[in-house]
Amino acid sequence: MPAKGHWLLKSEAEDYSIDDLERDGQTPWTGVRNYEARNLMRDDMAPGDLVLYYHSNAKPSGVVGIAKVVSEPYPDPTQFDKKSYYFDAKSTREAPRWWLVDVGFVKKLPKTISLAEIRQHPDLQEMALLKRLRLSVQPVTPREFALIRGLATGA
DNA sequence: GCCAACGTTGGC
DNA sequence: GCCAACGTTGGC
């Protein structure tokens with residue numbers, strides 16, 4: 001078992017916000033249809049990993065909360081559901097194409113750490129967020145994680 | 001709403 | 001296997 005991982009997960013605030021996650025307690029992270037993001041979830045995530053919860057297409061976009069991985073990776077059930085928007089006819093139960101984990105609510109940050117703020121911070125220039133703007137599941141270093149949490153809480 | 005970035009598809 | 005066309009993401 002590797003050291004506890006740190007991640008950043010993006011969600012559109014109007015689609016599934018941190019408030020939705022707080023209400024639900026936890027949720028299956030369905031609908032990721034990007035291979036790199038899939039690989040990270042399937043191969044590298046483990047229960048207990050910590051997650052920066054990022055709102056995209058928000059005003060402003062940024063990190064709004066902390067979540068955590070609460071399940072082992074497993075096949076995304078929506079890929080088999082013909083009625084789902086995420087249905088994938090090329091995926092089989094024998095060889096599922098898309099994987100996910102369940103994500104649990106931890107806390108909302110007292111203030112949003114905006115993308116603009118991250119861009120300006122000298123110690124956050126190496127974040128995947130800035131280099132891989134469109135990737136919706138990204139690795140974060142423990143240092144980056146602690147720094148962003150500290151910016152929000154004043155620690 | 002616009003548009004740049006960039007991942008995916010499909011013709012050849 | 002290349003690459004143009006296309007579709008999506010996501011900042012602004």
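Letters go in sequence order (proteins before strands), and every chain restarts at 1.
Atom CG in A/Leu129 sits about 13 Å away from atom C1' in C/dT9, given to the nearest Å. One atom, CZ of A/Arg132, and another, C1' of C/dG11, lie 17 Å apart when rounded to the nearest Å. When rounded to the nearest whole Å, the span between CD of A/Glu12 and C1' of C/dG11 equals 12 Å. Going from atom OH of A/Tyr54 over to atom C1' of C/dT9 covers 11 Å, rounded to whole Å. A straight line from CG of A/Leu130 to P of B/dA4 spans 20 Å, rounded to a whole angstrom. Atom CG in A/Leu135 sits roughly 11 Å away from atom C1' in B/dC6 (whole-Å rounding). Atom-to-atom, OH of A/Tyr86 to C1' of C/dT8 comes out at 12 Å; the value is rounded to the nearest Å. For A/Asn34 and B/dT9, the CG to C1' distance is 15 Å, given to the nearest whole Å.
The side chain of A/Arg134 lies closest to B/dG7, out of B/dG7, C/dC12, B/dT8.
Comment: A/Glu22 does not engage A/Lys107 in a salt bridge, judged by the lack of any side-chain N to carboxylate O separation of less than 4.0 angstrom.
Of the two residues contacting DNA chain B, namely A/Lys131 and A/Asn57, the nearest-nucleotide position lying further toward the 5' end is that of A/Asn57. For the pair A/Arg119 and A/Tyr85, nearest-nucleotide mapping onto DNA chain C gives the more 5' position to A/Tyr85.
With contacts defined as side-chain heavy-atom distances shorter than 4.5 Å, the pair A/Leu130/A/Leu115 qualifies. The side-chain heavy atoms of A/Tyr54 and A/Ser11, taken from C-beta on, include no pair separated by under 4.5 Å.
If you run side-chain contact (heavy atoms from CB on, under 4.5 Å) between A/Leu100 and each of A/Val32, A/Val137, A/Asp76, only A/Asp76 comes through.
Under 4.0 angstrom from either OP1 or OP2 of B/dT9 there lies no side-chain N or O belonging to A/Tyr35. The phosphate of C/dG10 has OP1 or OP2 within less than 4.0 Å of a side-chain N or O from A/Lys10. Dashed line: the shortest gap from a side-chain N or O of A/Ser61 to OP1 or OP2 of C/dG11 is under 4.0 Å.
Under the 6.0 Å cut-off for aromatic ring centres, A/Trp98 and A/Tyr35 qualify, their centroids lying closer than that.
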